[in-house]
Amino acid sequence: MHPNPKAHAPRYWLMKSEPDECSIDDALAAPGQTVPWTGVRNYQARNFMRDAMQVGDGVLFYHSSCPEPGIAGIARVASGVRPDSTQFDPASPYFDAKSSPGKPRWLLLDVQALRKTRLLTLAELRQHPHLAAMRVLQRGNRLSITPVEPGEWAVIGALLQAQS
DNA sequence: GCCAACGTTGGC
DNA sequence: GCCAACGTTGGC
């Protein structure tokens with residue numbers, strides 16, 4: 001018997017998506033409301049997917065690089081990891097010449113959108129003391145996938161319920 | 001469009 | 001292994 005290496009992993013995550021590429025509406029409109037989370041090209045984010053994220057984990061679907069950045073919906077992790085095929089496609093902006101199908105460098109997993117929420121803006125997130133430690137709020141943060149503490153998830157759930 | 005912050009690359 | 005240069009992210 002081996003202990004499950006993911007047994008004590010965080011259960012909640014924030015995942016950034018540029019709405020021009022894939023918005024919460026796009027994800028909800030996809031077959032099975034599920035989209036492959038393509039384009040992660042950062043080792044820390046990749047390692048979260050590979051080593052810590054589990055099917056069923058809660059996801060805050062965050063819109064970034066847009067006029068109003070913020071949390072736009074709730075989703076869940078819907079698969080384990082597999083190679084991200086865009087890394088092998090020279091025509092893709094996510095192409096990586098140093099990767100090969102025999103030794104893929106970049107992974108993805110499926111994310112299933114559950115519902116759209118009101119836009120919980122970055123500015124509003126910053127106003128709440130209980131969320132101050134969130135990675136996405138830290139100065140200079142660029143990581144596209146970050147763990148969310150259960151307490152933070154609960155606070156955000158309450159904010160979304162309070163006024164929607 | 002600006003620019004601070006960060007990650008990666010590559011010369012040494 | 002150091003670290004300067006470079007490219008990217010992403011809020012504003």
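Heavy atoms only: backbone and side chains are in, while hydrogens, waters and symmetry mates are out. The sequence lines fix the lettering, A, B, ..., with proteins before strands; numbering per chain opens at 1.
- A:Arg46 meets the side-chain hydrogen bond (donor to acceptor under 3.5 Å, both in side chains) test with no other residue; sequence neighbours excluded.
- Among residues two or more places apart in sequence or in another chain, the side-chain hydrogen bond (donor to acceptor under 3.5 Å, both in side chains) test is passed with A:Asn47 by A:Arg50.
- The list of side chain to side chain donor-acceptor pair (under 3.5 Å) pairs with a residue in residues 20-30 of chain A, not counting sequence neighbours, reads A:Glu21-A:Tyr94, A:Ser23-A:Asp26, A:Asp25-A:Lys116.
- For residues 50-83 of chain A, every residue pair satisfying the ring-ring contact (aromatic ring centres under 6.0 Å, His included) rule, not counting sequence neighbours, is listed here: A:Trp37-A:Phe61, A:Phe61-A:His63.
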Give every pair of a protein N or O atom and an N or O atom of nucleotides 6-10 of chain C that lie under 3.5 Å apart, one pair per line with the distance.
residue, atom, partner, partner atom, Å
C:dT8, O2, A:Arg142, NH1, 3.1
C:dG10, OP1, A:Lys16, NZ, 2.7
C:dG10, OP1, A:Arg142, O, 2.7

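- If you chain together ILVMFWY residues whose side-chain heavy atoms come under 4.5 Å of each other, A:Trp106 ends up grouped with A:Tyr43.
- Remark: A:Arg105 pairs with A:Asp96 by the salt bridge (charged side-chain N to carboxylate O under 4.0 Å, His left out) rule, at least two apart or across chains.
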Which pairs, protein N/O on one side and nucleotides 1-4 of chain C N/O on the other, fall under 3.5 Å?
none

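- A:Arg82 is linked by a salt bridge (charged side-chain N to carboxylate O under 4.0 Å, His left out) to A:Asp110, counting only residues two or more places apart in sequence or in another chain.
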